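Structure record follows, encoded as structure tokens.
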Amino acid sequence: MGGTESKQAFRGTVLQLTGRTVAVASSEESFWDQIFQTSGLTSPQDAFTLITSQEIRSLRDEAPSNLATLCYKAVEHLVRSAAGGCPRGKHNLVLNCVRLLTRILPYIFEDPEWRGFFWSALPGQGDSVSAADNPPPLAQSLIGALLDLL
């Protein structure tokens with residue numbers, strides 16, 4: 001797939017995400033792979049060009065579960081890649097996750113209701129962990145993964 005076609009496909013996936021009123025389940029791997037494992041994001045500028053600020057705010061305000069899942073999945077990919085030593089084939093995935101988070105985070109923190117979002121645990125981590133072992137907040141998982149990937 002050419003560069004223009006990849007960018008158009010990625011843009012279409014973003015429009016699907018922002019246009020859905022029903023939450024996209026985190027288990028819908030084929031959908032999330034279209035976002036994270038795309039060749040449509042070839043530079044940091046692509047994330048800023050292909051995802052508008054209006055779309056991010058709309059996602060935050062009208063489909064908050066989709067925005068939360070997008071962030072969770074990005075952090076999850078980073079944590080997995082860091083734990084696996086980031087094999088050569090995962091470099092684009094890691095870069096895409098970082099690019100997307102770089103684009104989205106300012107809009108999360110501009111809303112007071114979302115400011116505590118990154119201090120919550122990843123979904124599912126609290127299920128298998130005893131009450132004595134508190135799962136790490138999303139921010140701790142993100143920072144730890146990023147430091148491991150350096």
Side-chain angles (χ1 to χ4, degrees), residues 1-84 86 89-127 134-149:
M1 190 182 300
T4 303
E5 293 164 351
S6 297
K7 289 180 189 334
Q8 288 174 345
F10 176 78
R11 181 83 183 114
T13 305
V14 168
L15 292 174
Q16 285 179 12
L17 181 66
T18 58
R20 287 190 180 192
T21 54
V22 177
V24 180
S26 63
S27 60
E28 286 188 47
E29 293 298 330
S30 62
F31 179 82
W32 296 111
D33 285 349
Q34 292 175 15
I35 291 179
F36 295 110
Q37 297 186 3
T38 182
S39 56
L41 292 178
T42 56
S43 71
Q45 292 81 11
D46 288 343
F48 287 82
T49 304
L50 298 173
I51 307 171
T52 67
S53 58
Q54 181 181 0
E55 289 167 337
I56 298 169
R57 286 186 180 111
S58 172
L59 190 60
R60 181 193 67 205
D61 298 338
E62 297 171 20
S65 61
N66 286 344
L67 179 59
T69 304
L70 177 65
C71 292
Y72 286 135
K73 294 298 278 185
V75 172
E76 179 182 64
H77 282 302
L78 290 171
V79 168
R80 282 188 192 159
S81 295
C86 193
K90 296 278 187 181
H91 287 166
N92 283 338
L93 172 67
V94 168
L95 287 172
N96 287 342
C97 290
V98 171
R99 290 170 180 154
L100 288 169
L101 287 171
T102 301
R103 178 64 175 140
I104 293 167
L105 285 178
Y107 298 96
I108 287 178
F109 288 114
E110 78 179 7
D111 187 335
E113 292 179 20
W114 278 82
R115 289 195 182 142
F117 171 74
F118 274 91
W119 298 109
S120 61
L122 281 168
Q125 283 188 344
D127 301 340
N134 291 331
L138 188 60
Q140 182 179 345
S141 298
L142 174 60
I143 292 169
L146 291 173
L147 288 173
D148 288 345
L149 289 166

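Source: prediction; values computed, not measured.
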Electrostatic pair Glu113:Arg60 at N-O distance under 4.0 angstrom: no
Any residue meeting ring pair (Phe, Tyr, Trp, His ring centres under 6.0 Å) with Phe31, in chain and number order, not counting sequence neighbours: none
Residues Arg99, Asp46: salt bridge by 4.0 Å N-O rule: no
Heavy-atom closest pair, residues Thr102 and Phe48: CG2-CZ, 4.3 Å
Flag side-chain contact, heavy atom, 4.5 Å: Phe117 against Leu67: no
Leu142 vs Leu101 side-chain heavy atoms within contact, under 4.5 Å: yes
Side-chain heavy-atom pair Tyr72, Ser26 within 4.5 angstrom cut-off: no
Short side-chain to backbone donor-acceptor contact, Trp32 and Ser27, under 3.5 Å: no
Note, Leu100 side chain near Ile35 side chain (heavy atom, < 4.5 Å): yes
Nearest heavy atoms of Thr18 and Glu55, plus distance in Å: CG2-O, 3.8 Å
Closest heavy-atom pair and its distance - Phe10, Gln34: CD1-O, 4.1 Å
Residue pair Ala145 / Ala82: nearest heavy atoms and the distance that separates them: O-CB, 3.7 Å
Side chain proximity check, Ile104 to Ile51, heavy atoms < 4.5 angstrom: no
Nearest atoms (heavy-atom pairs only) where Leu17 meets Leu59: O-CD1, 3.8 Å
From CG (Leu78) to CD1 (Ile143), nearest 0.5 Å: 12.0 Å
Side-chain H-bond candidate by donor/acceptor type, Gln54 with Thr52, under 3.5 Å: no
Separation of Lys73 NZ from Glu76 CD (nearest 0.5 Å): 4.5 Å
Evaluation steps, side chain to side chain contact (heavy atoms under 4.5 Å, CB included), between Lys7 and Thr42: CA-CA 9 Å; Lys7 289 180 189 334; Thr42 56; 3.2 Å; yes
CG-CD distance between Leu15 and Gln8, expressed to the nearest 0.5 angstrom: 11.5 Å
Closest non-hydrogen atom pair between Val79 and Ser141, with its separation: CG2-O, 3.7 Å
Test item: Leu41 and Phe36 side chains (from C-beta on) under 4.5 Å apart, heavy atoms: no
Test item: Val24 and Thr69 side chains (from C-beta on) under 4.5 Å apart, heavy atoms: no
Side chain to side chain contact (heavy atoms under 4.5 Å, CB included) against Ser53, all qualifying residues, sequence neighbours excluded: Arg57, Arg103, Tyr107
Spacing of CG belonging to Leu105 relative to SG belonging to Cys71, to within rounding of 0.5 Å: 6.0 Å
